[in-house]
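Below, read A as the first sequence line, B as the second, and so on, with proteins coming before strands; counting in each chain starts at 1.
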Amino acid sequence: MGHTETIDPNKPLEYQTEKSRLNILGFWIFLGAEVALFATLFATYFVLTGRLADGPGPGELFEIKGVLIETFILLTSSFTCGIAIHEMRRGSKKGLMIWFGLTLLLGLGFLYFEIEEFIHYVHEGATIQTSAYWSSFFTLLGTHGAHVSLGIGWMIMILIQVARHGLNTTTTRKAFIISLYWHFLDVVWIFIFTGVYLMGMVM
Amino acid sequence: MKLDEFFVTGDPLIYGADVSIILSMIGVVFVLTKYKKWGWLWKEWLTTVDHKKLGIMYILSAVLMLFRGGVDALLMRAQLTMPETEFLDSTHYNEIFTTHGTIMIIFMAMPFLIGLMNVVVPLQIGARDVAYPFLNAVSFWTFFMGAMLFNISFVIGGSPGAGWTSYVPLAGNELSPGPGQNYYLLGLQVAGIGTLLTGINFLVTILKMRAPGMTLMRMPMFTWSSAITCIIIIFAFPVLTVALALMTLDRIFGTHFFTMVDGGMPMLWANLFWLWGHPEVYIVILPAFGIFSEVISTFSRKNLFGYKAMVYSMVIIAALSFVVWVHHFFTMGADASVNSFFSVTTMAISIPTGVKVFNWLFTMYKGRIKINTAMLWSLAFIPNFVIGGVTGVMLAMAAADYQYHNTYFLVAHFHYVLISGTVFACFSGLYYWYPKLFNHKLNETLGKWSFWLFMIGFNVCFFPMYFLGFAGMPRRVHTYAEGSGWFELNAVASVGGVMMGIGFVILVYNIYYSIRYEPRLTTGDPWDARNLEWATPSPVPYYNFAKIPEVRGLDEFWRMKKEGKKDLDLKKDKLEPIHMPDYSGVPVIMSTFLFISGFGLVFEWIWMGVAGAIGVVITMIMRSFDPDEGYHVEVEEIKEIEEHVRREEA
């Protein structure tokens, strides 16, 4: 590194050091790679749509109610996550922790309903091994779900660090980066909601 | 699983490999213990985050992998020299061409170039390290562990044998049972993580850490080529990650992405593989173009001709590289309109590439050309690469490709572009930048011997293969009939292969010889070169630049020399303390857990896969809680170091 550790007080706390600015830019680029990853999974899903073998089809199994609950919970969690960063910029450690805490609970809630939904499909005879379609369905959604789970664990680690050290250039940068990640997962879900569920129910 | 299924048994070649592996491991342990070097190894190398040391380790690993891949190649030549030879059976032959291809592309070409990028890019842009030194170490160790995971396959469990492209259904469970194919999937997966991280790391480094005054259009060409390569990596490697993961799920967890039953689609694999695979060949050729640009400009003592055209042509090549992948399987049933589209895009790539060839030629025009080994490799690149390129355009014509597809014509073509492009560039760059790292040149006499042997051998080996292709010899066959008429050309090719092998051995011997006997340099600029990496003393102090240079145009160092300016005046220049990152043992430990996890999945021991993954997560958490503040090099220490290295130079 070796860049000088000058603090720029005119910027938000998470952008004040050179290291923070580099890390945030690097994370944006990483999200670019994540877009490529999910784009490949979506492409696979669309290519394999309709390849049901003898298994059930999505139109028979999808239920709008559960999906709407999941969507509502996850979109709300993105909102609370945004407020958490807003609180952080106001300098409120407590605000950040409360709203991140809420985000975590909503994230866990989303996972609960998603797992519930998966169990329901398995009982109806649609497992990851049933057909190419269900393989791609469970892999796409499973990858998203795994990202959410990882995000929850990650956010807990950041919360512990914020609790210990308060708001400084390092902790705010870390909190900001996990918030970018969280919003990204929301964006992916919007595509899943439209491309997988709405289209699946129409077909 | 029984022990004789775990270890590969029954082949004297493998037993020989077992013995040599065990002996060399004992040898390493003995030497390290006898000279009490374990602490040194850990403190100076295994935990380093210094881009120059990581670069050296990348290049060293790549040379080792070149040896392994080269032995594979010579075994294949031995088998094919005469018709109806029974030296290797078909299974063994399949495994050898699979590991040869995979190792050369993933574990030799890429790490060699990434190693040179590590060494050179921060120096060329006047930076003290990369943007994320810790991540850089993670990149290296994941690559290294991925390479080791792939390489142990031939003594433990058996090697993959479905080709480096691993088309399904051949690579599926029914036709490739056992752990072999899993090694391919997991080894590439682990190494791919490191490549993606390198892409992000170097892109941010180049975008954000350039010395003041170095605008994008003042960057040295190798830095430009690295930046564009990073962008390709960032968008291509996630596709490989997904493709490998899907096949892993198919093989281990019974999904149906690529299977022949239950709706699976084998062609999906071919598409995903080449959607990464074609950009991948540009990942290994663009940095090579950058190296040739540096070397040709330095030894023609002229600035690079058509700098802007060079940059734009690379951008165009990078964009086109994502829209040509279907040309790898014209014969597999796409309709005429699809084939035509990909045929046209493929041929279009030859335009920007041709622009670059002319620019190199014009750079030399009226230059005062100095011939040495580094320059010879670059000069030889141009005609050989043109042969490879022209035959590439022949292959790009979809209708004609029905004749060439899967013949030795194709084998000759891609070796002509990959060897005369990538391998020549690696050697050229090695000879060129070696003095920067070790403060002595590589011996010129040995260098020229190795160059001529390798270069002539390369043509003797691969030129006949074009004609074997025309004569109808298919690739990936382990033997051929006596009456086929393919014997003579195969025999010639084998002679060339041996010449290349000798050339390689001389190159390695040259490193040993030069360490012992070449005179130490008294200057950091032995080639009278043009870019900032040569402004530093050799070997480079660990913080690179005591004072960050100001850049006023292209070829800044050349300008400084013209004006008689020194890069550093210890009496006048005001120095400031330098902030440096701490070394860390986390990357190597984390990557070891990845290795364990990968090894478990190879044998479908899920408990071991999970245990390794937990280890990875724990080391990541440890890293997150590490304050990682780094340390400051005080002005006094900088002065002391600079006076020391510069006194030796004076």
Side chain from CB out, backbone as N, CA, C, O: work out which of these in [X] comes under 4.5 Å of a heavy atom of chain B, or both, or neither.
{"X": "Asn23(A)", "result": "both"}
{"X": "Thr130(A)", "result": "backbone"}
{"X": "Ile29(A)", "result": "both"}
{"X": "Arg21(A)", "result": "neither"}

Under 4.5 Å heavy-atom distance to chain A, tell me which part of [X] shows up: side chain, backbone, both or neither.
{"X": "Ile548(B)", "answer": "neither"}
{"X": "Leu275(B)", "answer": "neither"}
{"X": "Ser624(B)", "answer": "both"}
{"X": "Leu203(B)", "answer": "side chain"}
{"X": "Phe237(B)", "answer": "neither"}
{"X": "Val242(B)", "answer": "side chain"}

Decide if atom [atom1] of [X] counts as having more than 12 heavy atoms of other residues, nucleotides or ligands within a radius under 6.0 Å.
{"X": "Met267(B)", "atom1": "CE", "answer": "yes"}
{"X": "Met622(B)", "atom1": "CE", "answer": "no"}
{"X": "Tyr631(B)", "atom1": "OH", "answer": "yes"}
{"X": "Tyr112(A)", "atom1": "OH", "answer": "no"}
{"X": "Met260(B)", "atom1": "CE", "answer": "no"}
{"X": "Phe79(A)", "atom1": "CZ", "answer": "no"}
{"X": "Lys93(A)", "atom1": "NZ", "answer": "yes"}

Between atom [atom1] of [X] and atom [atom2] of [Y], what is the distance when rounded to the nearest 0.5 Å?
{"X": "Ser135(A)", "Y": "Leu246(B)", "atom1": "OG", "atom2": "CG", "result": "9.0 Å"}
{"X": "Phe30(A)", "Y": "Leu135(B)", "atom1": "CZ", "atom2": "CG", "result": "10.0 Å"}
{"X": "Ile234(B)", "Y": "Leu31(A)", "atom1": "CD1", "atom2": "CG", "result": "11.5 Å"}
{"X": "Ile200(B)", "Y": "Phe27(A)", "atom1": "CD1", "atom2": "CZ", "result": "9.0 Å"}
{"X": "His579(B)", "Y": "Lys19(A)", "atom1": "NE2", "atom2": "NZ", "result": "7.5 Å"}
{"X": "Glu18(A)", "Y": "Met209(B)", "atom1": "CD", "atom2": "CE", "result": "7.0 Å"}

Can you name the closest pair of heavy atoms from [X] and [Y] and give their distance?
{"X": "Gly263(B)", "Y": "Ala132(A)", "result": "O-CB, 3.1 Å"}
{"X": "Tyr132(B)", "Y": "Leu22(A)", "result": "OH-O, 2.5 Å"}
{"X": "Ala36(A)", "Y": "Phe235(B)", "result": "CB-O, 3.9 Å"}

Counting heavy-atom pairs under 4.5 Å with chain A, the top scorer among Ala236(B), Pro238(B), Pro627(B) is Pro238(B)
Check the pair His256(B) / Leu48(A) against side-chain contact (heavy atoms from CB on, under 4.5 Å), numbers first and verdict last.
CA-CA 10 Å; His256(B) 295 286; Leu48(A) 297 177; over 6 Å; no
Does the side chain of Thr139(A) come within less than 4.5 Å of Phe257(B)'s, by heavy atoms?
yes
Tell me, do Gln129(A) and Asp262(B) make a side-chain contact under 4.5 Å, heavy atoms counted?
no
Most contact-rich option vs chain B, by heavy-atom pairs under 4.5 angstrom, among Ala33(A), Ala43(A), Gly55(A), is Ala33(A)
Answer key: most heavy-atom pairs under 4.5 Å with chain B among Thr44(A), Thr170(A), Val35(A) is Thr44(A)
